[in-house]
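Written below as structure tokens is the structure these notes are about.
As the structure is a prediction and not an experimental result, all values here were calculated from the model. A note on names: the letters A, B, ... follow the listed sequences, proteins ahead of strands, and every chain is numbered from 1.
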Amino acid sequence: MISASAVTKRYPQGIEALKDLSFEIGDGELVFITGHSGAGKSTLFHLLAAIEKPTSGSIVVDGQNLAALRRGAIPYLRRKLGLIFQDQKLLFDRSVLDNVLLPLSIAGLPPREAMRRAHAALDKVGLLDRERAWPIALSGGEQQRLAIARAVVNRPSLLLADEPTANLDRESAGQILDLFRSFHQVGVTLVIITHDPQWMTRGARMLRLARGRLVDA
Amino acid sequence: MGAFFSGHLAAARSAARRLAASPLNTLLSLVVIGAALALPAAGWLTLDNVQRFAGKVSGAQQISLFLTPGGGEKEAAEIETRLAGLSPGKWRFVAREEALKRLRETEGMADVAAGLTRNPLPDAFIVEPGDVRPEALENLAEIFRSWPAVAHVQLDSAWSRRLDVFLRLARLAVGIFAGLFAGMLVAVTFNTIRLQILARAAEIEVSRLFGATDAFIRRPFLYFGALQGALGGLFALSLIAGAGWSLAGPAGELLLLYGTDFVPRGPSPAQAGALVGVGAALGWLGARISVSIHPRGFA
Ligand SMILES: Nc1ncnc2c1ncn2[C@@H]1O[C@H](COP(=O)(O)OP(=O)(O)OP(=O)(O)O)[C@@H](O)[C@H]1O
Ligand SMILES: [Mg+2]
């Protein structure tokens with residue numbers, strides 16, 4: 001599903017956020033990426049989501065080399081991914097339901113089918129009864145679950161999440177972890193960035209970043 | 001195909017919703033756009049009517065051919081034959097005796113005519129040309145002048161030529177104004193869309209992250225521009241209709257003075273449609289420029 005080789009990312013200001021990264025993630029794997037603040041976790045997330053391009057090296061996601069991707073092909077790649085951002089990127093001037101409908105209308109789904117899927121996704125994260133609410137009226141955990149519903153509504157085969165449990169209490173974090181496990185069980189490939197120790201004890205595969213390098217992967 | 005169609009439908013709906021969501025802004029834009037479309041359109045309509053009216057009242061345009069004094073029936077017959085060959089319109093012969101008789105009957109001229117010891121007037125032909133365009137009249141007069149036994153050709157086309165020049169100038173002015181106003185319409189739409197893009201930066205960013213293409217992001221803005229322009233066109237039509245309605249009374253009185261059956265014409269359905277179409281096209285253009293020079297919003 002993902003194959004990175006000798007990936008380096010240097011930002012224009014000269015900061016080298018990732019150095020010579022190589023790893024493989026197979027179809028249906030559940031992988032945690034961890035590391036100290038500033039280690040380059042979000043940078044890696046941005047590279048995997050084709051938001052940033054690597055300075056050198058290659059990243060192949062779902063058969064496409066992101067380093068050489070045409071600009072026009074990026075939207076179609078994104079539609080195959082489920083993205084959960086560290087800052088969530090919810091639209092606060094749209095209802096809960098409309099936030100979840102957004103990726104579907106982008107993909108051009110017929111309204112009826114889109115509505116059906118959005119409801120299913122909201123049901124999955126336990127927000128069906130809040131569909132008319134505004135995101136601002138949701139708790140932190142609920143907002144995170146809304147972001148997850150929006151990420152999975154397109155039924156992506158690869159789910160990328162950047163710190164999905166930051167700022168959440170243990171119980172909310174546990175709910176979200178359970179959600180991810182259920183996606184894993186139906187064959188979705190998951191890459192979850194976290195520095196929550198609760199997640200690391202569960203024997204899953206772990207990629208550890210330190211100052212932009214992969215350590216004891 | 002279905003997805004393509006529903007995408008356009010959704011973009012059009014979203015544009016309509018946004019127009020309805022801020023009625024005051026929309027109203028202000030429509031006033032500006034409506035005026036920008038109505039003024040040149042009204043100017044054009046006015047000129048069209050002036051031209052048709054002038055054609056009507058100058059329909060009796062005449063060219064007089066005065067024959068050489070002392071000529072006889074032979075010369076008159078010769079001219080008659082030539083006129084028949086050329087068939088420039090209607091004509092009639094006015095014998096010198098008849099001309100004098102008319103002069104006597106003309107108020108204020110009776111004394112003058114009475115003082116004459118002999119008839120100084122020549123025989124004449126009065127031609128009412130079928131083609132009253134100034135150039136055509138001028139050509140015809142030139143031909144008449146070259147005929148034998150024609151002493152003088154009098155063409156009363158100065159007025160019509162002046163009108164023609166005026167109309168041409170006025171049309172140019174209307175064209176220039178139309179261009180300026182079109183630019184204004186494009187600029188107004190450009191700015192409206194620019195502000196919308198800024199206001200919706202988050203939505204645009206998130207849409208991109210979830211796989212929106214450039215076309216998908218641009219579409220609602222383009223629809224907005226086109227829809228606003230089309231509504232501006234409708235508003236312009238209502239302004240023109242309102243102006244026509246309030247001018248109908250005074251214009252009717254004026255026309256009565258001319259004693260013509262001339263009826264001023266408003267825009268035809270095709271012209272009305274064209275005005276709405278032009279509004280939509282210019283609105284689309286303004287939006288198109290706006291979305292293409294916003295690299296930040298669309299990067
Ligand atoms: N857009 C950017 N421009 C310049 N430097 C950046 C940019 N984004 C990140 N960096 C730098 O790259 C390094 C890695 O940042 P990154 O956000 O990937 O860290 P992180 O592991 O996600 O940290 P955190 O746990 O705090 O989210 C940092 O030194 C950061 O300052
Ligand atoms: Mg980060």
Side-chain angles (χ1 to χ4, degrees), chain A residues 45-46 48-53 69-95 98-115 118 121 135 146-147 149-156 158-160 162, chain B residues 1-26 192-224 227 288 291-299:
Chain A
F45 176 86
H46 288 148
L48 292 173
I51 295 165
E52 300 270 0
K53 280 199 169 181
L69 205 58
R70 280 184 309 109
R71 186 173 178 275
I74 291 175
Y76 302 97
L77 173 86
R78 296 254 175 83
R79 291 179 200 178
K80 292 190 279 186
L81 308 180
L83 300 179
I84 297 157
F85 295 87
Q86 189 164 14
D87 58 353
Q88 291 176 340
K89 299 197 186 293
L90 298 175
L91 293 176
F92 286 94
D93 58 353
R94 291 207 182 183
S95 69
D98 283 343
N99 268 275
V100 178
L101 280 171
L102 182 77
L104 300 172
S105 71
I106 287 170
L109 249 73
R112 188 180 292 217
E113 170 70 3
M115 197 60 85
L146 172 56
R150 183 182 57 180
V152 299
V153 75
N154 255 343
R155 299 180 185 160
L158 172 60
L159 196 59
L160 302 172
D162 192 355
Chain B
M1 190 60 210
F4 177 82
F5 186 72
S6 75
H8 278 268
L9 198 67
R13 274 220 203 92
S14 131
R17 251 200 315 274
R18 266 179 297 135
L19 275 170
S22 49
L24 187 64
N25 274 335
T26 301
T192 308
I193 300 294
R194 191 181 64 86
L195 295 175
Q196 282 191 14
I197 291 172
L198 292 177
R200 299 175 68 204
E203 188 182 331
I204 291 170
E205 187 210 346
V206 171
S207 297
R208 281 221 172 285
L209 292 173
F210 285 89
T213 56
D214 289 351
F216 180 91
I217 288 177
R218 282 173 179 166
R219 206 173 288 142
F221 295 108
L222 297 179
Y223 269 101
F224 185 97
L227 190 61
R288 188 72 186 74
V291 295
S292 37
I293 67 163
H294 263 278
R296 272 188 61 79
F298 291 94

Checking the side chain of A:Arg78 only, and the main-chain atoms of B:Ala212 only, is there a donor and an acceptor separated by less than 3.5 Å? no
So which part of A:Phe85 gets closer than 4.5 Å to some heavy atom of chain B, the side chain, the backbone, both or neither? side chain
What part of A:Leu83 is in contact with chain B, defined as an atom under 4.5 angstrom from a non-hydrogen atom: side chain, backbone, both or neither?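 Both parts, backbone and side chain.
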Heavy-atom cut-off 4.5 Å, strictly under: side chain, backbone, both or neither for B:Ala10 against chain A?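 Neither; nothing under 4.5 Å.
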Hey, what do you get for CG (B:Leu209) to CD1 (A:Ile74), rounding to the nearest 0.5 Å?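 With rounding to 0.5 Å, CG (B:Leu209) is 11.0 Å from CD1 (A:Ile74).
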Taking atom CG of A:Leu102 and atom CD of B:Glu203, what is their separation to the nearest 0.5 Å?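 Here the interatomic distance stands at 7.0 Å.
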Restricting to non-hydrogen atoms, name the atom on B:Phe210 and the atom on A:Pro103 that form the minimum distance, rounded to 0.1 Å.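 Heavy-atom minimum between the residues: CD2-CG, 3.9 Å.
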The criterion is salt bridge (charged side-chain N to carboxylate O under 4.0 Å, His left out); which residues satisfy it with A:Arg79, sequence neighbours excluded?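 Testing A:Arg79 for salt bridge (charged side-chain N to carboxylate O under 4.0 Å, His left out), a comparison that skips the adjacent residues, returns none.
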Show your working on side chain to side chain contact (heavy atoms under 4.5 Å, CB included) between A:Arg94 and B:Val206 and close with a plain yes or no. CA-CA 12 Å; A:Arg94 291 207 182 183; B:Val206 171; over 6 Å; no
Tell me, out of A:Ser105, A:Ala49, A:Gly82, who's got the most heavy-atom pairs with chain B below 4.5 Å.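 Top option by heavy-atom pairs under 4.5 Å: A:Ser105.
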Taking NZ, NE, NH1 and NH2 as the nitrogens, is one of them in A:Arg71 or B:Asp214 under 4.0 Å from a carboxylate oxygen of the other? yes
